[in-house]
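Accompanying notes for the structure given below.
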Protein chains: 2
Amino acid sequence: MSDHTHPSPAESLIAAQGGRITRTRVAVLDILLAAEQSLTHDEIGVALDDKGIKHDRVTLYRTLDWLVESGVAHKMAGDDRARRFGVAASGPHEHAHFHCDRCGKVVCLEGLQPAVAVNLPGGYQLDRAELVLHGACPTCGKGA
Amino acid sequence: MSDHTHPSPAESLIAAQGGRITRTRVAVLDILLAAEQSLTHDEIGVALDDKGIKHDRVTLYRTLDWLVESGVAHKMAGDDRARRFGVAASGPHEHAHFHCDRCGKVVCLEGLQPAVAVNLPGGYQLDRAELVLHGACPTCGKGA
DNA sequence: GGTGGTTTTGCAACATAGTAGCATTTGCGC
DNA sequence: GCGCAAATGCTACTATGTTGCAAAACCACC
Ligand SMILES: [Mn+2]
Ligand SMILES: [Mn+2]
Ligand SMILES: [Zn+2]
Ligand SMILES: [Zn+2]
């Protein structure tokens, strides 16, 4: 796609996963890296439009799936029925999230994963723990 | 609905929330109370059919919404895009959940809510913490 | 820089989960 | 029982995500 010799952070990330550098992937990753909150498929679609990047609904779904499968991005099922996507700027996705119950926005709380000292009932194998904090974000909390 | 003088646990729970005792509400609550895992709208619909309880898709959605709003049941957004419902047999919904990533089933881990000692960035107001443990359930873990 | 095979895209059709409006029925306080 | 608010059943609709397949874009290799 791009022919210059200095790969962008997005391009590097994609290449590191063995994926092809394509218009949509780079643009989506740019958007996610620049966002300070998780975004829905639809919000990313609008952001692509704003950038003048032509794209297809299905391609965007597949691009997001690929980013998640590759471990570059993460996916969160919200209370509304839209999944939200984000990238952790630094390293892998091992952190908690804050979900504002008023405006619905979801932010990554990097560097915040509490020691979950749980003793599971016998037979359960724990792979990972997912912590979501609910409440009001700074913007929404102001009025209270 | 029922005319006997001994209200069932389901009936008591419904009445305690100021709701009317209806066929669907009682049957759904009975199902949720008997289930040892969270159930989807669809699974509950099948269970109602099995019980011979005629019902409408939309009514079931509204019944479940009412149970959640009343605080009797809880709703979880899963990785598949179906919400799962459950009731905590004892008291309010303050516990973690285990999600089996292989078979997709979700169980309540009652009496297991870790002290989440997180210090949020300034401005965030914490209402509640939601903890979901991912891994393999006893059934699915056997083969590993 | 061109070529060829593989990956990715675009499009159309489909599937699933949930919602809205409104007339009819039902629970229940009286 | 009566009356009225609450709940239900229908129909239609929306939002979100998926599948199959042909066309286009990447890029390793020369
Ligand atoms: Mn995150
Ligand atoms: Mn639970
Ligand atoms: Zn907010
Ligand atoms: Zn399992």
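Proteins get letters first, then strands, A, B, ... in listed order; numbering begins at 1 in each.
- The distance between atom CH2 of A:Trp66 and atom P of D:dC26, rounded to the nearest whole Å, is 14 Å.
- By the salt bridge (Lys or Arg N to Asp or Glu O under 4.0 Å) test, A:Asp101 pairs with B:Arg128, sequence neighbours left out.
- Rounded to whole Å, the distance from CD1 on B:Ile14 to P on D:dA6 is 17 Å.
- Distance, A:His55 NE2 to C:dT8 P: 18 Å, rounded to whole Å.
- At C:dT26, none of the side-chain N or O atoms of B:Thr22 fall inside 4.0 Å of OP1 or OP2 (strictly under the cut-off).
- In this structure, B:Thr24 reaches the D:dT8 phosphate: one of its side-chain N or O atoms is under 4.0 Å from OP1 or OP2.
- Here D:dT8 presents its P atom at 11 Å from CG of B:Leu48, a figure rounded to the nearest Å.
- Atom C1' of nucleotide D:dT16 and atom CG of A:Asp79 are separated by 16 Å, given to the nearest angstrom.
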Which donor-acceptor pairs under 3.5 Å do side chains of residues 76-89 of chain B form with protein atoms, sequence neighbours excluded?
| from | atom 1 | to | atom 2 | distance (Å) |
| --- | --- | --- | --- | --- |
| B:Asp80 | OD2 | B:Arg84 | NH2 | 2.9 |
| B:Arg83 | NH2 | A:Asp79 | O | 3.1 |

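- Between B:Cys140 and B:Arg102, the shortest heavy-atom contact is O-NH1, 3.5 Å.
- Contact annotation: side chain of B:Arg25 to base of D:dA7, donor-acceptor pair absent below 3.5 Å.
- A donor-acceptor contact under 3.5 Å is not formed by the side chain of B:Arg23 with the base of C:dT26.
- The cluster map of Ile, Leu, Val, Met, Phe, Trp and Tyr, joined by side-chain heavy atoms under 4.5 Å apart, puts B:Leu126 and B:Tyr124 in the same cluster.
- Checked against salt bridge (Lys or Arg N to Asp or Glu O under 4.0 Å), B:Asp42 has no partners two or more places apart in sequence or in another chain.
- In this structure, B:His55 has no ring pair (Phe, Tyr, Trp, His ring centres under 6.0 Å) partners at least two apart in sequence or on a different chain.
- A:Leu60 has its CG atom 15 Å from the C1' atom of D:dA15, to the nearest Å.
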Give the table of side-chain donor-acceptor pairs shorter than 3.5 Å for residues 58-71 of chain B, with sequence neighbours excluded, one pair per line with atom names and distance.
| from | atom 1 | to | atom 2 | distance (Å) |
| --- | --- | --- | --- | --- |
| B:Thr63 | OG1 | B:Thr59 | O | 2.8 |
| B:Ser70 | OG | B:Trp66 | O | 2.7 |

Indicate for each nucleotide in nucleotides 15-24 of chain C, in 5' to 3' sequence, whether protein heavy atoms under 4.0 Å reach the base (B), only the sugar-phosphate (S), or nothing (-). -BBBBBB---
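- If you measure from atom CG of B:Asp56 to atom P of D:dA12, you get 14 Å, rounded to the nearest angstrom.
- The phosphate of C:dT9 (OP1 or OP2) has a side-chain N or O of A:Thr63 nearer than 4.0 angstrom.
- D:dG17 atom P lies 11 Å from atom CD1 of A:Ile44, rounded to whole Å.
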